[in-house]
Amino acid sequence: DHAPARLAAALALVSERKGEAVVGLTRRADHLTLHPGQISFPGGHIEPGEGPGEAALREGEEEIGLDRRWVEVAGFLPPAPTRSSGYLVWPLVATVGRPDHPWRPQPSEVAEFFWAPLAPFADPSFRGVRRDLLPGETEPRPAVHIEGREVWGFTLGVIDRLLNA
């Protein structure tokens, strides 16, 4: 017997800026215990009595100042486990009609919120491997290097599934 996975939700916001499809990402605060400084989607624990959609939108409100009136929910991607922290995460995909709203990243959790173009994620020339190995890793993991940032792990997997949905 093994314990059930801890449950979480993530908010994959997509939009269009200057005629280009973009995805909303955060850089996690450097002082966080889990995944400090990593590029991620807004997200977190599913609270008791809360569904994954409600959790994803709540986390968007808390972490980046999302106003639910700005979004149209498109649906869920299949839930996926995180490799290191043991969560089973439901990614909720939602579109934002006006991506240049005044976003308010919560400094206790988020160092930065930004829109990343989706096209480089589909372009093999942007594909590489992580610059650093995590403790216990013997092989570098796939990564996309874009605008000086490294996107990998669960976040890269969700973007890949989004592009192939």
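Throughout, numbering of the chain's residues begins at 1 and tracks the sequence.
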Quiz item: Given side chains that start at C-beta, do those of Y87 and L7 come closer than 4.5 Å, heavy atoms only?
Solution: no
Quiz item: Are H35 and F154 close enough that their ring centers fall under 6.0 Å?
Solution: no
Quiz item: Which pair of heavy atoms, one from A10 and one from A56, lies closest together, and at what distance?
Solution: O-CB, 3.6 Å
Quiz prompt | V96 side chain near V14 side chain, heavy-atom distance below 4.5 Å | solution = no
Quiz item: Do L92 and L77 come within less than 4.5 Å of each other through their side chains, counting heavy atoms only?
Solution: no
Quiz item: Does the side chain of W115 reach to within under 4.5 Å of the side chain of L25, using non-hydrogen atoms?
Solution: no
Quiz item: So do the side chains of V22 and L118 get within less than 4.5 Å of each other, counting heavy atoms only?
Solution: no
Quiz item: What pairs meet the side chain to side chain donor-acceptor pair (under 3.5 Å) rule with one or both residues in residues 151-161, with sequence neighbours excluded?
Solution: R127-D160
Quiz prompt | Least distance between heavy atoms, P117 atom then I146 atom | solution = O-CD1, 3.7 Å
Quiz prompt | For D30 against G37, the heavy-atom pair lying closest together | solution = OD1-CA, 3.4 Å
Quiz prompt | Inter-residue atom distance E72.CD - T95.OG1, 0.5 Å rounding | solution = 4.5 Å
Quiz item: How far does NE2 of H145 sit from CZ of R130, to the nearest 0.5 angstrom?
Solution: 8.5 Å
Quiz item: Where is the tightest heavy-atom contact between S40 and R28, given as atom of each residue plus distance?
Solution: OG-CG, 3.3 Å
Quiz item: Which pair of heavy atoms, one from G86 and one from T82, lies closest together, and at what distance?
Solution: N-OG1, 3.3 Å
Quiz prompt | Side chain to side chain, Q106 and S108, heavy atoms closer than 4.5 Å | solution = yes
Quiz item: Should T26 and I39 count as side-chain neighbours, where that means a heavy-atom distance under 4.5 Å?
Solution: no
Quiz item: For R58 and R68, which heavy atoms make the closest approach, and how far apart are they?
Solution: N-NH2, 3.6 Å
Quiz item: For the atom pair CD1 (I46) and CD (E59), what is the distance rounded to the nearest 0.5 Å?
Solution: 9.5 Å
Quiz prompt | Stepwise side chain to side chain contact (heavy atoms under 4.5 Å, CB included) test for L163 and F121 | solution = CA-CA 8 Å; L163 290 171; F121 290 96; 3.7 Å; yes
Self-check item: Matching residue for F41 among L11, L13, V23 - test: side-chain contact (heavy atoms from CB on, under 4.5 Å)
Solution: V23
Practice problem: State plainly whether one hydrophobic cluster holds both V89 and L32, where clusters connect Ile, Leu, Val, Met, Phe, Trp and Tyr through side-chain heavy atoms under 4.5 angstrom apart. | Solution: no
Quiz item: Linking I/L/V/M/F/W/Y whenever any side-chain heavy atoms sit under 4.5 Å apart, do V144 and V129 land together?
Solution: no
Quiz item: How are the rings of W103 and F113 set relative to one another: parallel (under 30°), tilted (30 to 60°) or perpendicular (over 60°)?
Solution: tilted
Exercise. Answer yes or no: is there a side-chain heavy-atom contact under 4.5 Å between R149 and E112?
Key: yes
Quiz item: Pairs in or reaching into residues 8-20: which pass side chain to side chain donor-acceptor pair (under 3.5 Å), with residues at least two apart or in two chains?
Solution: R17-D100
Quiz item: When hydrophobic residues are tied together by side-chain contacts of less than 4.5 Å, even through go-betweens, does V110 share a cluster with V151?
Solution: no
